[in-house]
2 protein chains.
Amino acid sequence: MRKLNITELQRLSVDEFKQSSKMPLVVVLDDVRSMYNVGSVFRTSDAYRVECIYLCGITGCPPHAEIHKTALGAEDSVDWLYFESAEDAVEDLKRRGYKVFAVEQAEGSIGFPLPDDFMSDLPTGYAVVFGNEVKGVKQEVIDRCDGCIELPQYGTKHSLNVATTAGIVIWEYSKLLHGEL
Amino acid sequence: MRKLNITELQRLSVDEFKQSSKMPLVVVLDDVRSMYNVGSVFRTSDAYRVECIYLCGITGCPPHAEIHKTALGAEDSVDWLYFESAEDAVEDLKRRGYKVFAVEQAEGSIGFPLPDDFMSDLPTGYAVVFGNEVKGVKQEVIDRCDGCIELPQYGTKHSLNVATTAGIVIWEYSKLLHGEL
């Protein structure tokens, strides 16, 4: 099996990306401390054409050398907005008809993979909220969301890395929203 | 929705993890340069009870402060082995009846999500090979594998981060091999 070279991959230019149809998914990062994690989420959001990233609280914003180190330029293709408060970001999304889920281990959470009828009523779009590396999504942010979604985990550690979790969550949404691309 | 606290998550101790049944999946990292990526793969492998991680070539091994920074102790729960050459690692796995796939963008690769009949003949186990952050899996390693699997990507960048890719791939295998846990 011959590896494909970069031209055979037929990737989009940043201009083509800006013009392309996006997956109706907004990724909200609240108080994410590590710029490497932020950059990595940009890179995954580029690959799956996430509509927009909302950077909230202490989460760093581009341009930033550490974000660039893992985003590798995806911070130029993917749209983003900054909100001082994640509560405001969630309220903004809900007002505009988005269904907002916190990714968190909580009572009554919906387990991944998402059930087949999860998308039965298609809202304007979906949004997923990821919290701080240690503390997770704040209870007061969860309280404003439509629900929680949760990745099953079977090991010794409390949680997965936030950029890895975002990768799996964005990938799962991309499968469900693929027709929208 | 109330967030669960750490005791409610009922995570395994390292001793319980060592005794627990594992998913029949070996993760091979060849020439992965970043210790943060290595640590992050340990953490994901802990969450999904990967059988073993094969660290090859220049890939760093525990104990190491930078691996610990992202593994957060998962380097103590998940079994690992070091191989100087990934070719030898792949040969070892195939001799023991594993089906080995390189995760790479290549001619004739199998696209993710894996087709329903992918698991129709259950070998001893599966193995997935991830390569260097810049160069990917070496052609001579690919040539020894049973095939390539590939994540679809729709953006501007050449590839996803290796730890994010490993997260999605391990997650997809865990859904298919879940009954084994």
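In the text below, chain A, chain B and the rest are named by the order of the sequence lines, each starting its count at 1.
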Selection from [options] maximising heavy-atom pairs under 4.5 Å formed with chain A:
options: Arg43(B), Glu8(B), Gln153(B); result: Arg43(B)
options: Glu133(B), Glu104(B), His158(B); result: His158(B)
options: Cys145(B), Ser77(B), Pro113(B), Cys148(B); result: Pro113(B)
options: Gly147(B), Ser109(B), Ala166(B); result: Gly147(B)
options: Val78(B), Asp143(B), Val14(B), Val137(B); result: Val137(B)

- Using 4.0 Å as the upper bound for N to carboxylate O, is an ion pair formed by Lys138(A) and Asp30(A)?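 Result for this pair is yes, salt bridge flagged.
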
- Task: Decide, yes or no, whether a salt bridge links Asp79(B) with Lys22(B) under the criterion of side-chain N to carboxylate O below 4.0 Å.
- Result: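 Lys22(B) and Asp79(B): not salt-bridged.
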
Chain A contact via [X] - which portion, at a heavy-atom distance below 4.5 Å:
X: Glu172(B); answer: side chain
X: Ile142(B); answer: both
X: Ser40(B); answer: side chain
X: Ser45(B); answer: neither

- Under the ring-ring contact (aromatic ring centres under 6.0 Å, His included) criterion, do Tyr54(B) and Phe130(B) qualify, and how do the steps go? CA-CA 10 Å; Tyr54(B) 284 12; Phe130(B) 301 91; over 10 Å; no

- Give a yes or no on whether Arg33(B) atom CZ has more than 12 heavy-atom contacts from other residues, nucleotides or ligands under 6.0 Å away.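 It does not: Arg33(B) CZ has 12 such atoms or fewer within range.
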
- Hey, is NZ on Lys18(A) packed in by over 12 heavy atoms from elsewhere, all under 6.0 Å?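 Counting other residues, nucleotides and ligands, NZ of Lys18(A) exceeds 12 neighbours.
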
Which of the residues [options] is involved in the greatest number of heavy-atom pairs with chain B at under 4.5 angstrom?
options: Gly167(A), Pro152(A), Ala102(A), Ala71(A); answer: Pro152(A)
options: Thr164(A), Ile6(A), Leu151(A), Asp46(A); answer: Asp46(A)
options: Lys157(A), Glu16(A), Gln139(A), Gln10(A); answer: Lys157(A)

- Task: Sort Ile168(A) into side chain, backbone, both or neither according to what part of it lies under 4.5 angstrom from a heavy atom of chain B.
- Result: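 Ile168(A) touches chain B through backbone and side-chain heavy atoms alike.
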
- Task: Using non-hydrogen atoms and a 4.5 Å limit, figure out which bit of Ser34(A) sits close to chain B: side chain, backbone, both or neither.
- Result: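 For Ser34(A), there is no contact with chain B at all, as no heavy atom is under 4.5 Å.
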
- Message: Quick check: closest heavy atoms across Gly39(B) and Thr70(B), and the distance to 0.1 Å?
- Response: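 Closest pair (atom of Gly39(B), atom of Thr70(B), distance): CA-OG1, 3.1 Å.
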
- Apply the test salt bridge (Lys or Arg N to Asp or Glu O under 4.0 Å) to residues Lys94(B) and Glu91(B): give CA-CA distance (whole Å), side-chain angles for both, the deciding distance (0.1 Å), then the verdict. CA-CA 5 Å; Lys94(B) 288 182 77 175; Glu91(B) 295 293 351; over 6 Å; no

- Does the side chain of Asp15(A) pick up a donor-acceptor pair with the side chain of Ser13(A) at under 3.5 Å?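 Ser13(A) and Asp15(A) do not have a side-chain donor-acceptor pair below 3.5 Å.
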
- Hey, can you tell me if Phe112(A) and Trp171(B) have their rings parallel, tilted or perpendicular (30° and 60° cut-offs)?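 Taking Trp171(B) first and then Phe112(A), their aromatic rings sit tilted (interplane angle of 30° to 60°).
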
